[in-house]
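Okay, so here's the structure we're looking at.
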Amino acid sequence: MSTRQLHLNVNANALGRAPGGWRLRDDPLGFVDIAEWEKLGRTAERGLLDAVFLAETHGFAQQDFTRPWNALDPFVVLTAIARATTHVGLVATVSSTYRHPYHIARLASSLDLVSGGRAAINVVTTQSTRAGAQFGLDAHPDRDARYGRADEAISVIKALWQSWDPDALVGDQDSGELTDLARVREVEHTGEHLRLRTWYQVPRSPQGHPVVLQAGASPQGIDLAAKYADAVFCAEHSLQQGRDFARRVRSRARDVYGRDPDEVLILPGLWPVLGSTEAEARERRDLLASLSTDDTDALASLAAQLGLPVDSLRPDRQPPWDLIDSPDWKPSSHGFATSVLQTARNENLTVRDLLERHIAGGGHRMVVGTPEQVADEIEAFFTAGAADGFNLNHDFYPDGLDLIVDQLVPELQRRGIFRREYESTTLRGHLGLRIPTSSSR
């Protein structure tokens with residue numbers, strides 16, 4: 001039996017997590033330069049990482065332009081990375097609320113074929129209440145409606161992907177048979193949120209079809225992940241939180257949906273800030289924090305992520321527990337907010353402590369230290385079953401990703417928990433997932 005291996009993605013949004021990190025780059029505008037993204041992909045592949053992961057943002061506001069943002073569509077960026085690499089996986093975040101499932105399916109299948117079977121989608125329901133106006137709606141749909149549509153959307157996407165059998169694309173020049181039509185099926189769906197009837201125009205890839213990730217830790221999000229996801233992207237700030245979350249997702253996958261719980265991977269976000277000594281790492285963190293030019297914007301960002309009025313957050317006080325414990329508290333991202341606030345309760349953190357830990361509300365757990373210290377944290381979560389791997393947030397590009405690849409990865413390899421070479425050319429192969437059959441839903 002093969003030894004369980006750690007999975008590592010780079011969460012590469014805007015070329016780095018730290019809001020002010022762009023001020024340290026040689027090219028501060030590199031986030032709109034496709035050549036920089038191609039270089040990032042090659043660096044991730046040099047580090048033998050499982051995938052490059054890109055988020056997607058809807059509902060932009062004026063303050064979002066004060067720091068680098070995801071200006072380019074994730075599928076465009078990942079297609080360029082696919083052409084510049086040969087092994088690293090490619091994860092595009094998609095909104096099931098604001099994209100039609102046929103559109104999602106075709107984009108992902110196209111990336112999957114272009115890359116030789118390295119594509120994945122991360123399905124989200126979109127947090128921002130401003131997103132409705134972006135798409136001509138009077139209001140952003142409520143959580144139940146968004147998750148109801150997401151359930152139908154993923155079902156339709158997988159049905160489209162699985163409507164092609166292996167070897168249905170024949171291309172027999174002697175007989176003149178291009179497609180074995182007996183191996184391709186029409187897809188029809190009629191539900192509360194979606195209707196569709198069509199033949200799907202994209203055949204299967206070497207990994208069968210793209211991997212499905214899901215991000216969300218509300219009860220609806222956990223149910224959706226248990227039902228469909230190959231991997232779950234989450235925010236966990238303690239080992240116990242991670243173990244509890246993994247248990248909840250996997251037990252529901254097994255008990256409600258009859259799935260093999262070992263085929264649902266748990267991938268929390270993690271933000272390593274690295275230095276050759278702990279003091280050097282802390283100096284790096286302090287420098288990055290000092291480069292965030294607007295403390296008011298940082299507080300507003302944290303308030304939005306916690307689902308609280310900005311004037312309720314006092315830097316030298318704890319979060320307003322009376323508002324949080326109220327039945328009216330409805331954060332945009334339930335998983336992020338509850339994870340952060342549980343840590344704040346357990347450690348008696350002030351709002352200022354939260355801001356310092358997360359640098360303008362970045363949200364994922366920050367670990368500041370040497371490669372050995374960060375590896376200790378990763379190994380502890382991994383061996384305890386609280387994570388199968390991590391979406392790593394590098395602070396700024398290229399320096400932060402180089403430190404991960406050149407210092408953290410070798411330390412994890414030395415401990416025997418991370419690969420020393422790619423053993424597959426597909427993302428499913430990297431993640432240890434089976435190729436799906438054409439008939440499964």
Side-chain angles (χ1 to χ4, degrees), residues 11 17-19 55 124-129 142-144 146-147 214-225 232-249 266-273 285 289 292 295-368 377 380-381 384 386-387 390-391 393:
N11 193 359
R17 169 61 68 178
V124 300
T125 62
T126 299
Q127 301 173 15
S128 174
T129 57
D142 64 29
R143 186 186 301 273
D144 288 342
R146 298 198 316 271
Y147 273 99
Q214 195 275 332
S218 65
Q220 298 98 321
I222 288 174
D223 184 72
L224 199 68
V232 185
F233 178 35
C234 53
E236 301 299 345
H237 288 260
S238 73
L239 192 148
Q240 189 58 50
Q241 283 182 15
R243 293 179 67 178
D244 290 345
F245 180 80
R247 177 186 52 77
R248 291 170 65 196
V249 172
I266 308 299
L267 304 174
L270 186 71
W271 185 353
V273 178
R285 181 206 54 192
S292 296
D295 291 339
T296 302
D297 180 54
L299 193 64
S301 175
L302 182 63
Q305 290 175 315
L306 295 180
L308 297 166
V310 67
D311 59 6
S312 72
L313 297 181
R314 305 298 173 85
D316 294 317
R317 297 183 183 178
Q318 288 196 329
W321 300 118
D322 57 332
L323 297 180
I324 295 162
D325 294 332
S326 164
D328 296 328
W329 180 63
K330 295 179 180 179
S332 58
S333 174
H334 189 275
F336 164 80
T338 54
S339 181
V340 170
L341 291 169
Q342 184 176 335
T343 301
R345 285 188 197 266
N346 292 343
E347 300 183 24
N348 295 316
L349 300 179
T350 65
V351 169
R352 191 183 306 281
D353 293 332
L354 292 178
L355 286 171
E356 289 178 354
R357 284 195 180 197
H358 304 297
I359 304 181
H364 294 290
R365 180 167 178 256
M366 178 188 289
V367 180
V368 181
E377 294 290 316
F381 272 68
F390 293 89
N391 270 358
N393 297 271

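Atom set for the values below is all heavy atoms of this structure, side chains included, hydrogens, waters and symmetry mates excluded.
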Which atom names give the shortest non-hydrogen contact between [X] and [Y], and what distance separates them?
X    : Y    : value
P268 : A386 : CG-O, 4.3 Å
A215 : V124 : CB-CG1, 4.0 Å
A225 : Q214 : CB-OE1, 3.4 Å

First locate atom [atom1] of [X], then atom [atom2] of [Y], and finally report the distance between them rounded to the nearest 0.5 Å.
X    : Y    : atom1 : atom2 : result
L323 : L313 : CG    : CG    : 9.0 Å
L224 : R146 : CG    : CZ    : 12.0 Å
R17  : H364 : CZ    : NE2   : 5.0 Å
L239 : D244 : CG    : CG    : 9.5 Å
L270 : N393 : CG    : CG    : 7.5 Å
Q318 : E347 : CD    : CD    : 11.0 Å

In the structure I gave you, are the side-chain heavy atoms of E377 and F390 within less than 4.5 Å of one another anywhere?
no
Student check: side-chain heavy atoms of W321 and L341 closer than 4.5 Å:
yes
What do you reckon, is CZ of R345 surrounded by more than 12 foreign heavy atoms closer than 6.0 Å?
yes
Apply side-chain contact (heavy atoms from CB on, under 4.5 Å) to the pair V232 and F245, showing each step before the final yes or no.
CA-CA 10 Å; V232 185; F245 180 80; 3.8 Å; yes
Residues that T350 engages under side-chain hydrogen bond (donor to acceptor under 3.5 Å, both in side chains), provided they are two or more places apart:
D353
Do W329 side-chain atoms and L308 backbone N/O form a donor-acceptor pair below 3.5 Å?
no
For the pair Y147 and D223, evaluate side-chain contact (heavy atoms from CB on, under 4.5 Å) and give the outcome as yes or no after the intermediate values.
CA-CA 10 Å; Y147 273 99; D223 184 72; over 6 Å; no
R314 and V351: side-chain contact (heavy atoms from CB on, under 4.5 Å), yes or no, with the steps?
CA-CA 6 Å; R314 305 298 173 85; V351 169; 5.9 Å; no
